[in-house]
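What follows is a single structure, written as structure tokens, with notes after it.
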4 protein chains.
Amino acid sequence: MARPRKDDKRARILQAAVKVFARKGYFAARVSEIAKKAGVADGTIYLYFRNKEDLLVSLFDEVMAAHLEAGRQEMKAAPGPAARLLRMAEHHLRALGENRDLAVVFQVELRQSTKFMERFTASWLQDYFQLLYGVIEEGQRAGVFRPELPKKLVAKALFGALDEMVTSFILSGKDYDLAGLAAPVVDLFLRGVAVPGKVAHARPVLAATGAGRGGK
Amino acid sequence: MARPRKDDKRARILQAAVKVFARKGYFAARVSEIAKKAGVADGTIYLYFRNKEDLLVSLFDEVMAAHLEAGRQEMKAAPGPAARLLRMAEHHLRALGENRDLAVVFQVELRQSTKFMERFTASWLQDYFQLLYGVIEEGQRAGVFRPELPKKLVAKALFGALDEMVTSFILSGKDYDLAGLAAPVVDLFLRGVAVPGKVAHARPVLAATGAGRGGK
Amino acid sequence: MARPRKDDKRARILQAAVKVFARKGYFAARVSEIAKKAGVADGTIYLYFRNKEDLLVSLFDEVMAAHLEAGRQEMKAAPGPAARLLRMAEHHLRALGENRDLAVVFQVELRQSTKFMERFTASWLQDYFQLLYGVIEEGQRAGVFRPELPKKLVAKALFGALDEMVTSFILSGKDYDLAGLAAPVVDLFLRGVAVPGKVAHARPVLAATGAGRGGK
Amino acid sequence: MARPRKDDKRARILQAAVKVFARKGYFAARVSEIAKKAGVADGTIYLYFRNKEDLLVSLFDEVMAAHLEAGRQEMKAAPGPAARLLRMAEHHLRALGENRDLAVVFQVELRQSTKFMERFTASWLQDYFQLLYGVIEEGQRAGVFRPELPKKLVAKALFGALDEMVTSFILSGKDYDLAGLAAPVVDLFLRGVAVPGKVAHARPVLAATGAGRGGK
DNA sequence: GATGAATGAGCGTTCATTCAT
DNA sequence: GATGAATGAACGCTCATTCAT
């Protein structure tokens, strides 16, 4: 009845690609297997994507665009910098915790070459970091975040911590509540490990770090 | 007269492998190119390693063994939990900041499949985490680290943050002082982003974090 | 109102095919490119032609039919055997010299397989040779052509010489007056290279020449 | 016993290629079939040749080099221009008449694209023509060949006639004495079709023809 | 131990052709 | 008649690995 239109096929191919990439890995994934799982002929894939790599890249770009926009909206609604960080963290962990295959593709397959990594960094991560920068500066202006901390360092550290939660989740093979880790991670970031007043500065905080990722 | 030629060749092959893997990526790396750079015949590689994958795995295992032992020693010498975290962070960042090719292999090439990731997790990361656990518990017992924080979460977050520093360093293409980031990162972890007293708990800290990586 | 659209489309497709075959070669020519240049959909081509090969064959048959009939007429009008040979040669060279794309298709693309060659031989070349045979026999009966020469040999030699002029023209990339070569070539054939009386028979002329082309 | 050395394999591959190209045509020929017929693995072909096309081109270049050198030697030994033309024609027809597969490759497969044709023209044919030019000029200086004939035209016409004999031989499917046609063809060229004195000039001989083949 | 010539399995991609609309 | 999205068979080439020397 409903005519299976172009976008239907494209979407089915992408869904199939996520599954196959996640299970086999990008290199071991066979285009013909993706086609089979999508219910189309091998050649049909090439009507929608330039080649195998374009499948991965398109997957990435489209998921990222949607994810980031949703994250932006969600964050806006939160009251104050601390709550915003929490929202972002929850959004990050929820998105990947809800779709294990997608998470595998993002945590593992997309990082198998500096080429992909650089693309990842240049497109998604920069935007993600911009959001974080905004929140951090806001917190510093409001006097609730330590003003001497370099925002780039903070953003990288927070992203790195969350990223590790996702990777750990993937590799655990278990299905616990990944998004539930957002709160303790953010709390850890906000208040630190040390009992206040009990730990002296390890060393004075250095100024800055030079380039952000990909600042080539 | 004849010195252990064997080890000489084996080492030369591993050195060549690091370079080629770093420059081309594991899949695009050609065994014949590694052989050429090592100054041996293609077949000779198979006298020392089972196959191409074994090259990567051996590389990883040997570097890791040395690195972890060194880290363990270095940490021991540090006075108190906070200083020990800093030593570990410095050791981590120094080792990878000093050898860009090796860092590329560890940050990128070794993560291109869940298979490698799992091995990575099972061998190195668990030991690394054990070291961190010890320090964290020591800090908690000493009353300088917040006792309610789950040590697994703290360890993952710290590792994730450092890991992101390395990845960022790799992708930046620049050659700044990576190890110098250890101090600010550890400071951030110890004291947190928030100005003490200014930020309420985002939410109560949850207890569990699920499994550690690789708890399959 | 509606004029024969059908023939219009068919003709446009053939014209497009000549161009694309000439520029890309038969194998590298894409049916879709021919369709595009003809301004029709890919599938439309299959309403007029059985398949890609049929495009080439139809092209060949139709051009040949017209060409040969024209040649026959033109030849008839010529006074005497020598003039007739000249007319044929001029007709041959003019037809191909005026349309470079067509010449490429006839000299190159139609000869890429023994299958096409055989078809070429069986249809066009036999008729062409029949015309030549008639003229040669006429000349021999009239006592102006050497009676001992086997007509098949003469016909093949003349055709081969003209054919080489066309091929040479194609490959030169230049646009000189190909038809103008008809006269000197025919003169060469009629009178020979040797100064009369100065060259003895190299060897006695053999009788038979075996089969004509395609005498399978 | 005798170590099957490198050249042995290379030669076997080329021999197999001639057969397969001749029977199937270049495009339809499968590399794996050539390998099989040569008794080597598919990949072995690529140790000796860059790719499939290089098989054809190498075949051509090597056969041509040998053929042309032999032709040059044979011609030298002949007494006078007329005998030399005959020797060249015999050599040409003999070489191809003796190896039908090779003849098919040279007459058909090597001419399926302007790319190959141009290569053919640039390398072999130019040398062949140079030999002919020498003989023609010698004949003209000696007063036995008509001085007003442009040597390029004569060379092309003679080559074209011989070439057509070979093509005709190939397509006939019969196995007559191709080389035996050399004498009558050369006789025809030397003395012409016309009975001396019986045929007037068709038209005055034009001066020249511009470029030879490939004179782009 | 060392060599490097030989192996051959394995797959991304193209494109002539079809057929539902 | 016309369309063009979809099909899927077909293959050149690479390269990790082996093994005779």
Side-chain angles (χ1 to χ4, degrees), chain A residues 3-6 8-10 13 27-36 38-55, chain B residues 2 5-6 8-10 27-36 38-55, chain C residues 2 5-6 9-10 26-36 38-55, chain D residues 3-6 8-10 13 27-36 38-55:
Chain A
R3 291 167 287 162
R5 260 290 52 100
K6 237 190 137 171
D8 174 52
K9 246 169 205 151
R10 191 187 151 87
I13 292 169
F27 277 96
R30 300 299 150 223
V31 171
S32 61
E33 190 180 348
I34 295 173
K36 199 176 177 185
V40 301
D42 291 17
T44 304
I45 289 184
Y46 293 86
L47 295 178
Y48 295 95
F49 303 94
R50 258 191 312 285
N51 50 35
K52 188 182 174 185
E53 183 182 323
D54 189 39
L55 266 178
Chain B
R5 273 265 152 237
K6 206 183 155 174
D8 175 50
K9 260 187 189 136
R10 190 187 153 86
F27 277 96
R30 301 298 155 225
V31 171
S32 61
E33 190 180 349
I34 294 173
K36 197 176 177 188
V40 300
D42 292 16
T44 303
I45 287 184
Y46 292 86
L47 297 175
Y48 295 94
F49 302 93
R50 255 193 316 285
N51 50 35
K52 187 182 173 184
E53 184 181 322
D54 189 38
L55 267 178
Chain C
R5 276 264 152 239
K6 209 183 153 173
K9 261 186 188 134
R10 191 186 152 86
Y26 175 75
F27 276 95
R30 301 298 155 222
V31 172
S32 62
E33 191 181 348
I34 295 174
K36 196 176 176 187
V40 300
D42 292 17
T44 303
I45 288 183
Y46 292 85
L47 297 176
Y48 295 94
F49 303 93
R50 253 192 318 284
N51 50 35
K52 187 182 174 184
E53 184 181 321
D54 188 39
L55 266 177
Chain D
R3 292 166 288 162
R5 262 286 57 100
K6 236 190 135 171
D8 172 53
K9 244 167 209 154
R10 191 188 152 86
I13 292 169
F27 278 96
R30 301 296 148 224
V31 171
S32 62
E33 191 179 348
I34 295 173
K36 198 175 177 185
V40 299
D42 291 16
T44 303
I45 289 184
Y46 294 87
L47 295 177
Y48 296 94
F49 304 93
R50 256 191 314 285
N51 48 37
K52 189 182 172 185
E53 183 182 323
D54 188 39
L55 267 177

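Throughout, a chain's letter reflects where its sequence line sits, starting with A, and its residues are numbered from 1.
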* To do: Check whether any side-chain nitrogen or oxygen of A:Y48 sits under 4.0 Å from OP1 or OP2 of F:dA6, and answer yes or no.
  => yes
* Structure fact -> Regarding the side chain of C:K52, the nearest nucleotide among E:dA16, F:dA16, F:dA2 is E:dA16
* **Residue A:R30, side-chain heavy atoms: nucleotide from E:dT13, F:dA5, E:dC11 that is nearest** => E:dC11
* If you find the nucleotide of DNA chain E closest to D:T44 and the one closest to C:R50, which residue's nucleotide is nearer the 5' end? -> D:T44
* **Geometric cation-pi criterion C:K52 and C:Y26, 6.0 Å radius, 45° cone** => yes
* **With sequence neighbours excluded, residues passing side-chain hydrogen bond (donor to acceptor under 3.5 Å, both in side chains) with D:R30** => none
* Which sits closer to the 5' end of DNA chain E, D:A41 or A:Y46, going by the nucleotide each is nearest to? -> D:A41
* Structure fact -> One should report the stems of DNA chain F, each a stretch of at least three consecutive Watson-Crick or G-U pairs at distances under 3.5 Å, as E:2-21 with F:2-21
* To do: Would you indicate what D:A28 reaches in the nucleic acid, counting non-hydrogen atoms under 4.0 angstrom: base, sugar-phosphate, or nothing?
  => nothing
* Distance check: side-chain N/O of D:K9 vs OP1/OP2 of E:dA5, anything under 4.0 Å? -> no
* Structure fact -> Heavy-atom nearest pair, C:F49 first then C:D54, reads CA-OD2, 3.4 Å
* **Residue closer to the 5' end of DNA chain F, D:D42 versus A:G43 (nearest nucleotide)** => A:G43
* Which heavy-atom pair separates D:I13 from D:I34 by the least distance, and what is that distance? -> O-CG2, 3.9 Å
